[in-house]
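Down below is the structure, laid out as structure tokens.
Quick caveat: nothing in here was measured; it's all calculated off a predicted structure.
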Amino acid sequence: MNVVFIDRDGTLIVEPPDEQIDTLGKLEFIPGIIRGLQLLVGRGYELVMVSNQDYLGSAGYPQEAFDIVQQKILGLLAGEGIHFSQIYVCPHGPSEGCACRKPQ
């Protein structure tokens with residue numbers, strides 16, 4: 001099976017100037033992304049979501065804020081027949097040197 005790794009912010013959804021989609025008011029899908037994902041699924045591709053979420057779980061970016069937006073994204077896409085076999089989220093900041101931050 002072929003796998004497509006898809007970045008969440010900036011590829012599936014528009015990334016706002018502050019680079020943090022922490023409210024539903026900031027959630028906006030990239031035009032055409034749903035149809036594009038449906039084409040990939042229809043051609044047998046497995047979808048994997050990857051995302052860097054700087055300092056997720058901190059006071060400045062609570063886990064709950066991320067979860068609300070993430071569940072809205074996944075719910076809307078599921079309603080269109082789009083599911084991800086895996087979701088990888090790095091909660092670390094760019095300077096932390098972790099092994100889970102994309103593009104690693």
Side-chain angles (χ1 to χ4, degrees):
M1 175 171 280
N2 293 319
V3 177
V4 177
F5 292 87
I6 302 171
D7 187 15
R8 189 188 92 146
D9 301 1
T11 304
L12 294 177
I13 56 177
V14 175
E15 189 162 21
D18 68 1
E19 299 181 341
Q20 195 172 64
I21 302 165
D22 51 2
T23 67
L24 292 176
K26 292 181 179 179
L27 179 58
E28 178 184 351
F29 283 86
I30 298 287
I33 193 63
I34 292 173
R35 181 69 184 131
L37 292 172
Q38 288 171 329
L39 289 170
L40 288 170
V41 169
R43 291 188 170 103
Y45 284 88
E46 179 179 337
L47 304 179
V48 174
M49 182 188 294
V50 295
S51 187
N52 291 334
Q53 296 294 317
D54 296 353
Y55 310 107
L56 179 61
S58 68
Y61 191 12
Q63 182 71 47
E64 297 78 22
F66 171 81
D67 291 344
I68 289 169
V69 173
Q70 182 74 351
Q71 291 310 308
K72 181 60 91 175
I73 292 168
L74 296 177
L76 186 139
L77 294 176
E80 298 296 329
I82 300 163
H83 304 276
F84 294 90
S85 62
Q86 296 288 324
I87 298 174
Y88 298 101
V89 176
C90 173
H92 305 102
S95 64
E96 293 183 68
C98 66
C100 63
R101 188 168 183 85
K102 67 175 182 42
Q104 288 87 329

task: Could you tell me whether the side chain of Gln53 reaches within less than 4.5 Å of the side chain of Phe66, counting heavy atoms only?
output: yes
query: Does the side chain of Glu80 reach to within under 4.5 Å of the side chain of Gln38, using non-hydrogen atoms?
result: yes
message: Can you tell me how far apart CD1 (Ile21) and OG (Ser51) are? Round to the nearest 0.5 Å.
response: 8.0 Å
Let me check something: any side-chain donor-acceptor pairs from residues 25-35 under 3.5 Å, sequence neighbours excluded? List them with distances.
{"unit_1": "Lys26", "atom_1": "NZ", "unit_2": "Asp18", "atom_2": "OD1", "d": "3.4"}
{"unit_1": "Lys26", "atom_1": "NZ", "unit_2": "Asp18", "atom_2": "OD2", "d": "2.5"}
{"unit_1": "Lys26", "atom_1": "NZ", "unit_2": "Gln20", "atom_2": "O", "d": "3.0"}
{"unit_1": "Lys26", "atom_1": "NZ", "unit_2": "Asp22", "atom_2": "OD1", "d": "3.0"}

Those residues that, when tested against Tyr45, pass side-chain hydrogen bond (donor to acceptor under 3.5 Å, both in side chains) (two or more places apart): none
query: Quick one: does Leu47's side chain get under 4.5 Å of Leu37's, heavy atoms only?
result: yes
For residues 93-104, tabulate all N or O donor-acceptor pairs below 3.5 Å that involve a side-chain atom, not counting sequence neighbours.
{"unit_1": "Glu96", "atom_1": "OE2", "unit_2": "Gly93", "atom_2": "N", "d": "2.5"}
{"unit_1": "Arg101", "atom_1": "NH1", "unit_2": "Asp54", "atom_2": "OD1", "d": "2.9"}
{"unit_1": "Arg101", "atom_1": "NH1", "unit_2": "His92", "atom_2": "O", "d": "2.9"}
{"unit_1": "Arg101", "atom_1": "NH2", "unit_2": "Asp54", "atom_2": "OD1", "d": "3.0"}
{"unit_1": "Lys102", "atom_1": "NZ", "unit_2": "Asp7", "atom_2": "OD2", "d": "3.3"}

Give the table of side-chain donor-acceptor pairs shorter than 3.5 Å for residues 72-79, with sequence neighbours excluded, one pair per line with atom names and distance.
none

message: Quick one, Val50 and Ile6 - any side-chain contact, counting heavy atoms below 4.5 Å?
response: no
Nearest non-hydrogen partners of Leu12 and Phe84, listed with the distance: CD1-CZ, 3.9 Å
- prompt: Do Gln71 and Asp67 have a side chain donor and acceptor closer than 3.5 Å?
  reply: no
task: Applying side-chain hydrogen bond (donor to acceptor under 3.5 Å, both in side chains), name anything that partners Gln70, two or more places apart in sequence or on another chain.
output: Arg8
- request: Establish whether Val3 and Val89 are linked, either directly or via other cluster members, by ILVMFWY side-chain heavy-atom contacts under 4.5 Å.
  value: no
message: When you group the ILVMFWY residues by side-chain heavy-atom contacts below 4.5 Å and let the links chain together, are Ile82 and Val48 in the same group?
response: no
query: Among all residues two or more places apart in sequence or in another chain, which pass the side-chain hydrogen bond (donor to acceptor under 3.5 Å, both in side chains) test with Glu46?
result: Ser85
